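For reference, the structure discussed in these notes is given below.
These numbers were taken from a predicted model, which means no experiment stands behind them.
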Amino acid sequence: MRITDLLDKRSISLTAAPKSKEEALNEAIALMAESGKINDTEGYRRQVFAREEESTTGVGEGIAIPHGKCAAVNRPGLAAMVIKDGVDFESLDGEPVTLLFLIAAPDTKDNVHLDVLSKLSMMLMDEEFTKNLRNASTAEEFLEIIDKADEEKKSVDERLSDINKADDSRVKILAVTSCPTGIAHTYMAAEGLEKAAKAKNCYIKVETRGSGGAKNVLTDKDIEEADFIIIAADAKVPMERFDGKKLIERQVSDGINKADELIDLAIKGEAPVYKSGVRSDDEVEKTTSKKGIGHKIYTQLMNGVSHMLPFVVGGGILIAISFLIDGFAVDINSLSAAERSSFGSITDAARLFNEIGNVAFKF
């Protein structure tokens with residue numbers, strides 16, 4: 001599968017002029033709907049905006065890669081917009097977005113499209129490639145630029161494993177990148193770190209943990225020989241294997257926009273030694289402080305919801321039992337309209353279950 005298999009002329013706009021981030025997203029979603037890739041536009045819209053609430057998909061350098069993975073998607077697809085005058089997208093570097101790719105991914109086990117989308121994400125780290133896309137005059141030219149670059153660039157697996165051979169004279173860095181969705185940011189961070197490391201003549205191997213699973217997995221030998229570990233992730237990463245190694249943890253976005261800074265820290269060895277199973281309050285506070293306020297609110301809200309689910313589920317079951325009891329004990333056809341409105345609380349036993357269930361819901 002090639003990148004252009006996911007993108008057609010109907011879902012490309014080279015003259016977009018949205019006035020806000022919300023307007024830009026809505027225009028891109030409309031383009032995606034035009035391509036026939038989604039079966040529920042509103043359901044897909046909710047997913048895209050929910051992802052944006054977690055953290056901005058404006059990755060910097062004028063690029064945004066919003067995405068939604070859900071059952072509202074029939075088949076994988078892309079929509080693209082060139083925004084000549086730019087739009088404020090709350091990007092990580094504060095710069096306006098001039099090139100936007102919207103991703104639609106089906107919520108299925110068939111992930112053949114993920115490598116294609118991941119490859120595009122890595123290609124967008126190439127300034128010449130993005131410049132050519134911004135200057136395309138027709139949708140056909142836009143597609144030709146992508147297809148040509150797709151042909152020339154190696155696959156994700158090849159690019160991840162195509163690293164310089166290690167030698168004893170260089171700093172040996174290992175990295176792990178991961179994001180909750182695992183489609184775009186994971187691979188852009190890997191590309192950013194690899195480019196920064198090679199520019200400073202460092203050996204690096206990057207493990208990516210995306211929707212398609214872990215790729216280029218770090219071996220025990222890799223870890224034993226490494227001088228430094230970089231974790232650029234917003235999703236859970238197996239950490240026990242790094243016990244005793246110098247290690248820093250950052251957001252996945254730092255792997256994209258602050259790769260040079262991370263590699264400099266690795267070269268200088270400026271990080272504490274990681275101890276498996278030990279995490280101080282200071283470290284927790286530092287990690288938390290790096291998250292945006294929206295992400296903090298989202299995390300705490302979801303934590304609260306998870307604790308309340310037993311009350312909601314339990315309350316619902318009790319109310320269902322109250323209706324079941326009245327269903328067995330009372331002939332509903334013999335009840336008046338007023339009595340039917342209190343069905344589930346007619347008999348004493350049903351009333352008890354109903355009241356307890358309602359208390360759980362209200363709580």
- State which residue, out of Asn354, Thr347, Asn358, fulfils the side-chain hydrogen bond (donor to acceptor under 3.5 Å, both in side chains) condition with Ser322.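 Only one option passes, and that is Asn354.
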**Asked** Among Arg134, Glu61, Lys84, whose side-chain hydrogen bond (donor to acceptor under 3.5 Å, both in side chains) with Thr98 holds?
**Response**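 Filter result, single survivor: Arg134.
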Hey, what do you get for [atom1] ([X]) to [atom2] ([Y]), rounding to the nearest 0.5 Å?
X      : Y      : atom1 : atom2 : answer
Glu224 : Leu174 : CD    : CG    : 11.5 Å
Asp150 : Lys148 : CG    : NZ    : 13.0 Å
Leu78  : Asp8   : CG    : CG    : 10.0 Å
Ile145 : Glu140 : CD1   : CD    : 11.5 Å
Thr219 : Ile223 : OG1   : CD1   : 7.0 Å
Lys9   : Leu143 : NZ    : CG    : 8.5 Å

Taking all non-hydrogen atoms of both residues into account, name the closest pair between [X] and [Y] and its distance.
X      : Y      : value
Met123 : Phe129 : O-CD2, 3.3 Å
Ser178 : Val237 : CB-CG2, 4.4 Å
Ala24  : Val87  : CB-CG1, 4.3 Å
Ala79  : Ala28  : CB-O, 3.7 Å
Met188 : Ser121 : CG-O, 3.3 Å
Gly36  : Arg75  : O-NH1, 3.3 Å

salt_bridge([X], [Y]) N-O dist < 4.0 Å:
X      : Y      : value
Glu42  : Arg45  : yes
Asp126 : Lys131 : no
Lys205 : Glu194 : no
Asp348 : Arg351 : yes
Asp227 : Lys245 : no
Lys195 : Glu191 : no
Glu52  : Lys21  : yes
Arg209 : Glu207 : yes

Co-membership, hydrophobic cluster, residues [X] and [Y], 4.5 Å side-chain:
X      : Y      : answer
Ile29  : Val73  : yes
Ile317 : Leu352 : yes
Phe101 : Leu6   : yes
Ile63  : Met81  : no
Met125 : Leu99  : yes

Quick one, Lys172 with Phe228, criterion side chain to side chain contact (heavy atoms under 4.5 Å, CB included). Give me CA distance, side-chain angles, the key distance, then yes/no. CA-CA 7 Å; Lys172 299 179 181 66; Phe228 203 91; over 6 Å; no
Answer whether the closest heavy-atom distance between the side chains of [X] and [Y] falls below 4.5 Å.
X      : Y      : value
Ile204 : Ile263 : yes
Lys215 : Tyr187 : yes
Leu7   : Phe142 : yes
Ile103 : Pro66  : no
Asp260 : Leu262 : no
Arg250 : Glu261 : yes
Lys37  : Asn74  : no

Fill in: Worked check of salt bridge (Lys or Arg N to Asp or Glu O under 4.0 Å) between Glu151 and Arg2
CA-CA 9 Å; Glu151 179 71 30; Arg2 300 180 68 83; 3.2 Å; yes
Quick one: does [X]'s side chain have a donor or acceptor within less than 3.5 Å of a partner on [Y]'s backbone?
X      : Y      : result
Arg51  : His67  : no
Lys69  : Pro106 : no
Thr56  : Glu90  : yes
Asn216 : Val206 : yes
Asn257 : Val59  : yes
Thr208 : Thr186 : no

Greater than 12 external heavy atoms within 6.0 Å of Phe353's CZ: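 No.
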field: More than 12 heavy atoms of other groups within 6.0 Å of Glu23 CD
entry: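 For Glu23, atom CD is crowded (more than 12 foreign heavy atoms under 6.0 Å).
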### Message
Pair Asp254, Val252 - check side chain to side chain contact (heavy atoms under 4.5 Å, CB included), show working.
### Response
CA-CA 5 Å; Asp254 285 353; Val252 68; over 6 Å; no
Can you confirm whether the side chains of [X] and [Y] place a donor and an acceptor under 3.5 Å from each other?
X      : Y      : result
Ser13  : Glu27  : no
Asp243 : Ser276 : no
Asp147 : Thr4   : yes

Q.
Pair Tyr274, Met239 - check side chain to side chain contact (heavy atoms under 4.5 Å, CB included), show working.
A. CA-CA 9 Å; Tyr274 179 76; Met239 298 293 291; 3.2 Å; yes
Residue list, side chain to side chain contact (heavy atoms under 4.5 Å, CB included) with Ser91, at least two apart or on another chain:
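Per chain and number, Ser91 pairs via side chain to side chain contact (heavy atoms under 4.5 Å, CB included) with Phe89, Asp93, Val97.
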Just do the side chain to side chain contact (heavy atoms under 4.5 Å, CB included) check on Leu265 and Ile248 with the steps written out, would you?
CA-CA 9 Å; Leu265 288 173; Ile248 52 174; 4.0 Å; yes
Sort out for me which residue in Ile230, Val176, Ile231, Ile229 forms a side-chain contact (heavy atoms from CB on, under 4.5 Å) with Glu249.
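Single pass found, and it is Ile231.
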